[in-house]
K.L.:
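If you scroll down you'll find the structure; I have some questions about it.
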Amino acid sequence: MSEQPARTLVTSALPYANGPIHIGHIAGAYLPADIYVRYLRSRKRDVVWVCGSDEHGAAITLRARKEETTPRAIVDRYHEEMQEAFRGLDIAFDHYDRTSSEEHHAFAQEFFLELLKKGAFTEETRQQFYDPVEKQFLADRYIQGGCPKCGHDGAYGDQCEKCGSALSPEELIEPKSTLSGATPEWRETTLWYLPMDRHEDWLRTYLEEGKLDGEDHHDAAAWKSHVLGQCRSWIDGGLQSRAMTRDLDWGVPVPVEGADGKVLYVWLDAPLGYITATRNWAAKKGVDWTPYWQDRDTQLVHFIGKDNIVFHCIIFPILLKEHGDYLLPHNVPANEFMNLEGDKISTSRNWAVWAKDYVEDFDGRSDEMRYVLASIMPEQKDAEFTWLDFQSRVNNELADVLGNFVNRVFVLTGKFHGGKVPGASGQWTAVDQALLDLMSTTPDAVGTAIERYRFREALQHAMGLVRAGNKYLTEEEPWKVAKTNPERAADILHLALQVTANAAILLAPFLPKTASKLSEALGTAGLPWDAAGAALVTEGQPLGTLPILFQKITDEQVEEQQSKLGPELEGMRDVEPEKGETSFDAFQDMDLRVAEVLAAEKVKGADKLLQLTVRTGYDERTVVSGIAEHFSPEEVVGRKVVLLANLAPRKIRGVVSQGMVLMASTEDGGLRFVTPDEGAEPGDIIR
RNA sequence: GGCGAGGUAGCUCAGCUGGUUAGAGCGCAGGAUUCAUAAUCCUGAGGUCGAGAGUUCAAGUCUCUCUCUCGCUACCA
């Protein structure tokens with residue numbers, strides 16, 4: 001790998017076309033990539049940035065059924081909406097594609113076949129649920145039933161959303177197909193698996209040392225520690241086989257005879273979308289796409305959020321290497337998560353700042369959001385966005401430092417030099433020289449930080465030049481000097497203008513709108529990055545008119561935005577949807593009783609479990625309950641509770657649990673006992 | 001329980017391969033100034049660098065133990 005790659009291919013995580021984009025997404029994978037790419041473009045490097053909608057997967061079909069529409073309609077809607085959000089924040093991909101395109105299907109199939117031919121997969125036949133009414137195999141998410149863990153009656157085959165536990169479909173109590181409501185049957189199906197354990201050795205070398213096939217591949221030290229840490233954790237834990245196909249009808253069909261009703265697993269399908277997108281971009285431009293994915297002088301960078309690390313650093317590299325013709329990532333600068341006003345961002349609770357809403361509420365003010373997000377980007381650890389912080393950064397830094405500096409320079413030039421760039425004598429004082437020095441070193445400081453994916457630091461450096469400009473004006477006082485020494489005053493303003501023009505270039509990756517307004521007004525539009533560091537504006541150049549760059553964010557705006565967070569409906573909660581209809585008989589099957597907790601102790605080796613001894617009035621029994629994180633043993637002894645008494649006994653962590661204690665799970669993420677009213681005694685039947 | 005990442009000024013965070021009095025921005029106090037969006041500039045207060053032990057001539061920076069937060073994972077209501 002040479003110091004400077006011949007070209008760079010940048011990707012941002014394909015957003016899932018199942019919901020709108022929020023600032024967490026932007027700060028995680030799109031804004032950093034946008035800054036990085038704008039910088040490289042400004043340096044006139046060969047760079048291509050691709051992205052696209054990830055439009056397959058069970059969640060989308062499930063949602064389509066729920067909304068009584070088609071998967072196509074869902075993905076079409078979000079494909080458009082997401083692009084609108086990106087455009088509104090000036091996130092400027094070279095190409096934005098979608099995985100449901102014909103080209104992608106064809107390419108993904110071709111890629112799959114190649115892997116098949118190379119023996120990358122193992123074929124395994126397993127029992128799987130089949131819906132006899134809809135005549136299809138059921139993906140895990142299409143099966144609903146009682147959760148074996150918490151008893152919650154709407155658990156999915158892969159996960160119970162109530163208790164968060166990972167499940168496999170056969171564990172469900174009374175499983176039902178969510179498609180037809182029918183009871184599914186066991187049938188054999190054949191799926192292709194990726195045996196990842198085969199790849200542990202070279203992956204370790206690739207990640208830890210940056211070496212591939214015995215050659216230097218990338219600088220492993222340049223990777224973020226949390227990215228490497230996660231990968232190490234996965235590999236050390238032993239990599240498992242993972243199914244690369246699914247029985248589903250929405251996705252890229254498996255191109256093998258007899259594989260009707262099977263599609264590629266979205267996690268095989270989606271990253272290949274990067275390649276398809278590049279091919280489509282190249283076709284559009286009439287250039288050859290292959291160097292971007294196959295030439296060793298290309299640098300491949302994936303921008304993602306931390307939830308995607310394992311796929312981009314382990315699974316996708318395995319696929320690429322097995323294929324053999326493609327480059328592996330040179331860096332995956334994953335960001336951590338962005339929290340919001342003290343809580344994690346949550347789509348279902350509407351605890352999010354939606355990109356689309358921001359663009360509507362703050363029309364034309366994309367730079368403000370970009371600036372704030374770049375300032376607090378979760379580069380090494382989770383970060384937090386608050387509207388008060390947004391206000392203070394916009395007002396104190398953008399408006400007061402940058403906006404005001406620019407305004408001072410323009411007003412002074414207007415007043416003392418008729419709005420034209422004054423000439424300079426070339427007689428620089430020590431103070432001038434210090435500023436000139438800073439001006440000449442800042443581009444490199446900013447650029448180096450960007451190339452190291454340290455965007456906050458880069459922005460600090462760029463703003464540092466502006467701060468120095470303010471200091472310079474305040475201390476040199478050209479408005480005073482002009483009265484006694486007009487030549488000196490001209491020098492000062494000339495230099496201040498050079499600083500402004502430099503700032504326009506350096507800030508452009510972060511604040512594209514502002515930067516172009518500035519460089520237009522200064523007559524320096526279109527100058528590349530490498531021009532920065534020196535004099536840019538020329539004597540006599542008339543300045544354009546410049547509006548106030550940044551309006552202050554008012555307290556009212558802050559309050560308005562804060563009040564938008566959370567559930568939208570007055571008095572109504574946005575909770576998980578009601579389950580499908582049940583029958584009286586099914587209810588009758590449950591034997592609910594009042595019981596009293598006699599004793600409680602923690603189950604050793606488990607964080608969440610309490611072992612309870614309860615009195616039912618007719619016996620005493622042991623119940624294991626996953627409430628240890630919410631209640632101490634002392635707190636629960638003596639309580640009257642509601643017990644599901646006839647639940648099949650189950651061995652949990654070595655202890656046989658005979659029944660289940662009912663709890664209400666509350667909005668704050670806690671649990672509350674369901675307690676019978678005064679007078680109810682152990683053994684009382686609940687019906 | 002296992003693994004990973006964090007715990008640094010009131011707030012948001014930097015501190016690379018250990019080395020002079022631990023930094024930035026905001027906030028706060030005092031002052032200067034008026035060209036400018038009541039903006040700007042200077043000065044100052046403020047930190048036992050989560051706790052404890054160890055290695056070293058020297059530790060925020062390395063090792064161990066403990067503790068708290070976040071994430072993945074296991075057990076799981």
Side-chain angles (χ1 to χ4, degrees), chain A residues 147-152 160 162-167 221 224-237 306-307 309-310 336-337 339 344 375-386 388-389 392-393 395-416 452 454 456-457 459-461 463-464 467 469-482 489 492-493 496 547-552 603-610 612 623-631 644 650-655 657 660-663 665 671:
Chain A
C147 174
K149 317 285 173 69
C150 68
H152 168 62
C160 172
K162 187 84 161 192
C163 64
S165 49
L167 302 174
K224 298 189 184 188
S225 53
H226 73 267
V227 174
L228 287 176
Q230 270 221 25
C231 295
R232 205 172 293 140
S233 168
W234 272 79
I235 297 175
D236 289 350
K306 71 169 158 185
D307 49 336
I309 289 173
V310 63
E336 304 243 8
F337 287 152
N339 293 322
K344 3 186 142 182
S375 306
I376 61 172
M377 210 171 254
E379 289 170 351
Q380 330 269 0
K381 52 182 161 190
D382 290 357
E384 170 144 337
F385 179 96
T386 67
L388 267 177
D389 180 65
S392 109
R393 286 180 193 276
N395 293 0
N396 301 334
E397 298 176 32
L398 279 182
D400 293 351
V401 175
L402 176 58
N404 186 43
F405 171 66
V406 170
N407 191 239
R408 296 172 85 181
V409 172
F410 273 63
V411 168
L412 285 169
T413 307
K415 269 189 187 165
F416 295 99
R452 295 176 67 199
R454 306 173 79 120
R456 304 153 59 123
E457 184 188 323
L459 184 51
Q460 286 283 329
H461 280 300
M463 287 297 285
R467 289 178 197 280
N470 263 324
K471 180 181 162 82
Y472 179 72
L473 282 185
T474 302
E475 288 175 356
E476 297 303 303
E477 304 180 305
W479 53 92
K480 267 189 191 167
V481 177
I492 296 167
L493 265 186
I548 292 295
L549 289 175
F550 302 103
Q551 298 296 332
K552 300 269 175 113
V603 176
K604 65 172 193 294
D607 295 345
K608 302 183 182 175
L609 302 182
L610 282 190
L612 309 176
V623 174
V624 177
S625 183
I627 58 175
E629 288 185 326
H630 304 278
F631 299 96
L644 176 56
R650 188 183 155 85
K651 204 169 191 178
I652 297 164
R653 208 62 190 169
V655 182
S657 176
M660 191 177 95
V661 173
L662 268 50
M663 307 290 294
S665 69
L671 293 174

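Chain naming here is simple, since letters A, B, ... match the order of the sequence lines and numbering starts at 1 in each. All values below were derived from every heavy atom in this structure, side-chain atoms included, with hydrogens, water molecules and symmetry-related copies excluded.
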K.L.:
Between B/U17 and B/C72, how far is it from one C1' atom to the other, in whole Å?
P.N.:
29 Å
K.L.:
Quick one: label A/Glu397 by what it contacts on the DNA or RNA (base, sugar-phosphate, nothing), any heavy atom closer than 4.0 Å.
P.N.:
sugar-phosphate
K.L.:
How far, in whole Å, is B/A51 from B/C11 if one measures between their P atoms?
P.N.:
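Taking atom P in both B/C11 and B/A51, they lie 15 Å apart.
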K.L.:
Checking all strands, does A/Ala383 fall into the base, sugar-phosphate, or nothing category for heavy-atom contacts under 4.0 angstrom?
P.N.:
sugar-phosphate
K.L.:
A/Glu457 near the nucleic acid: base, sugar-phosphate alone, or nothing, with a heavy-atom cut-off under 4.0 Å?
P.N.:
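No contact.
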K.L.:
Would you say that A/Glu397 contacts A/Arg467 through its side chain, given a criterion of any heavy-atom pair below 4.5 Å between the two side chains?
P.N.:
yes
K.L.:
Would the base of B/A36 count as contacting A/Asn407 through its side chain, where contact means a donor and an acceptor less than 3.5 Å apart?
P.N.:
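Absent.
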K.L.:
In whole angstrom, give me the gap between the C1' atoms of B/G47 and B/U21.
P.N.:
14 Å
K.L.:
Contact class for A/Arg456 vs. all strands (heavy atom < 4.0 Å): base, sugar-phosphate, or nothing?
P.N.:
sugar-phosphate
K.L.:
Grab the stems for RNA chain B, please: at least three consecutive Watson-Crick or wobble pairs, both distances below 3.5 Å, written as range with range.
P.N.:
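Stem list for RNA chain B: B:1-7 with B:67-73, B:10-13 with B:23-26, B:28-32 with B:40-44, B:50-54 with B:62-66.
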K.L.:
Can you check the distance between B/G23 and B/A14, where both ends of the measurement are the C1' atom (answer in whole Å)?
P.N.:
7 Å
K.L.:
Going by heavy atoms in the side chains, are A/Asp400 and A/Lys552 under 4.5 Å from each other?
P.N.:
yes
K.L.:
Which of the following nucleotides, B/C35, B/U12, B/U40, is nearest to the side chain of A/Lys415?
P.N.:
B/C35
K.L.:
Quick one: are A/Leu549 and A/Asn407 in side-chain contact, heavy atoms under 4.5 Å?
P.N.:
no
K.L.:
From CG of A/Asp400 over to C1' of B/G27, roughly how many Å is that when rounded to an integer?
P.N.:
14 Å
K.L.:
Using atom names, set out every protein N or O paired with an N or O of nucleotides 30-33 of chain B below 3.5 Å, distance rounded to 0.1 Å.
P.N.:
none

K.L.:
Taking atom C1' in both B/G18 and B/C76, what distance in whole Å separates the two?
P.N.:
44 Å
K.L.:
Considering every strand and a 4.0 Å limit on heavy-atom distances, what is the contact class for A/Ser657: base, sugar-phosphate, or nothing?
P.N.:
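A/Ser657: no heavy atom of the nucleic acid under 4.0 Å.
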K.L.:
Side chain of A/Asn396: nearest nucleotide among B/A5, B/A14, B/C26?
P.N.:
B/C26
K.L.:
Hey, does the side chain of A/Thr413 reach the backbone of A/Val409 with a donor-acceptor pair shorter than 3.5 angstrom?
P.N.:
yes
K.L.:
Considering heavy-atom distances to RNA chain B, does A/Val401 or A/Gln551 have its closest nucleotide positioned more toward the 5' end?
P.N.:
A/Gln551
K.L.:
Using the side-chain heavy atoms of A/Asn404, tell me which of these nucleotides is nearest: B/A36, B/G25, B/C26.
P.N.:
B/A36
K.L.:
Indicate, with a heavy-atom threshold strictly under 4.0 Å, whether A/Phe410 touches base, sugar-phosphate, or nothing.
P.N.:
nothing
K.L.:
In whole Å, measure the gap between the P atoms of B/U65 and B/G1 for me.
P.N.:
14 Å
K.L.:
Going through the checks in order, is the salt bridge (charged side-chain N to carboxylate O under 4.0 Å, His left out) test met by A/Lys306 and A/Glu336?
P.N.:
CA-CA 5 Å; A/Lys306 71 169 158 185; A/Glu336 304 243 8; 2.8 Å; yes
K.L.:
Expressed as a whole number of angstroms, how long is the span from A/Tyr472:OH to B/C41:P?
P.N.:
15 Å
K.L.:
Indicate yes or no for a side-chain donor-acceptor contact from A/Glu379 to the backbone of A/Arg456 under 3.5 Å, with no hydrogens or angles considered.
P.N.:
yes
K.L.:
Report the nucleotide, chosen from B/A24, B/G7, B/C41, that has the shortest atom-to-atom distance to any side-chain atom of A/Lys381.
P.N.:
B/G7
K.L.:
Please tell me which of the listed nucleotides, B/A5, B/A24, B/G4, lies nearest to the side chain of A/Gln460?
P.N.:
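Selected nucleotide: B/A24.
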K.L.:
What's the CZ-C1' distance between A/Arg467 and B/G23, to the nearest Å?
P.N.:
14 Å
K.L.:
Which is true for A/Val661 with a 4.0 Å heavy-atom rule: it touches a base, it touches only sugar-phosphate, or it touches nothing?
P.N.:
sugar-phosphate
K.L.:
Base, sugar-phosphate alone, or nothing: which one does A/Leu662 contact when heavy atoms must sit under 4.0 Å apart?
P.N.:
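Since no nucleic acid heavy atom lies under 4.0 Å of A/Leu662, the category is nothing.
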K.L.:
Rounded to the nearest 0.5 Å, how far does CG of A/Asn339 lie from OG1 of A/Thr386?
P.N.:
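CG of A/Asn339 is found 11.5 Å from OG1 of A/Thr386.
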K.L.:
Please list, pair by pair, any protein nitrogen or oxygen found under 3.5 Å from a nitrogen or oxygen in nucleotides 66-70 of chain B.
P.N.:
| from | atom 1 | to | atom 2 | distance (Å) |
| --- | --- | --- | --- | --- |
| B/C70 | O3' | A/Lys344 | NZ | 3.4 |
| B/C70 | O2' | A/Asp382 | OD2 | 2.9 |

K.L.:
Taking the side chain of A/Ala399 as heavy atoms from C-beta outward, which of B/C41, B/C26, B/U37 is closest to it?
P.N.:
B/U37
K.L.:
Write down the distance separating the P atoms in B/A45 and B/G50, rounded off to the nearest Å.
P.N.:
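These two P atoms come out 23 Å apart once rounded.
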K.L.:
Which of the following nucleotides, B/C41, B/C26, B/G4, is nearest to the side chain of A/Ser233?
P.N.:
B/G4
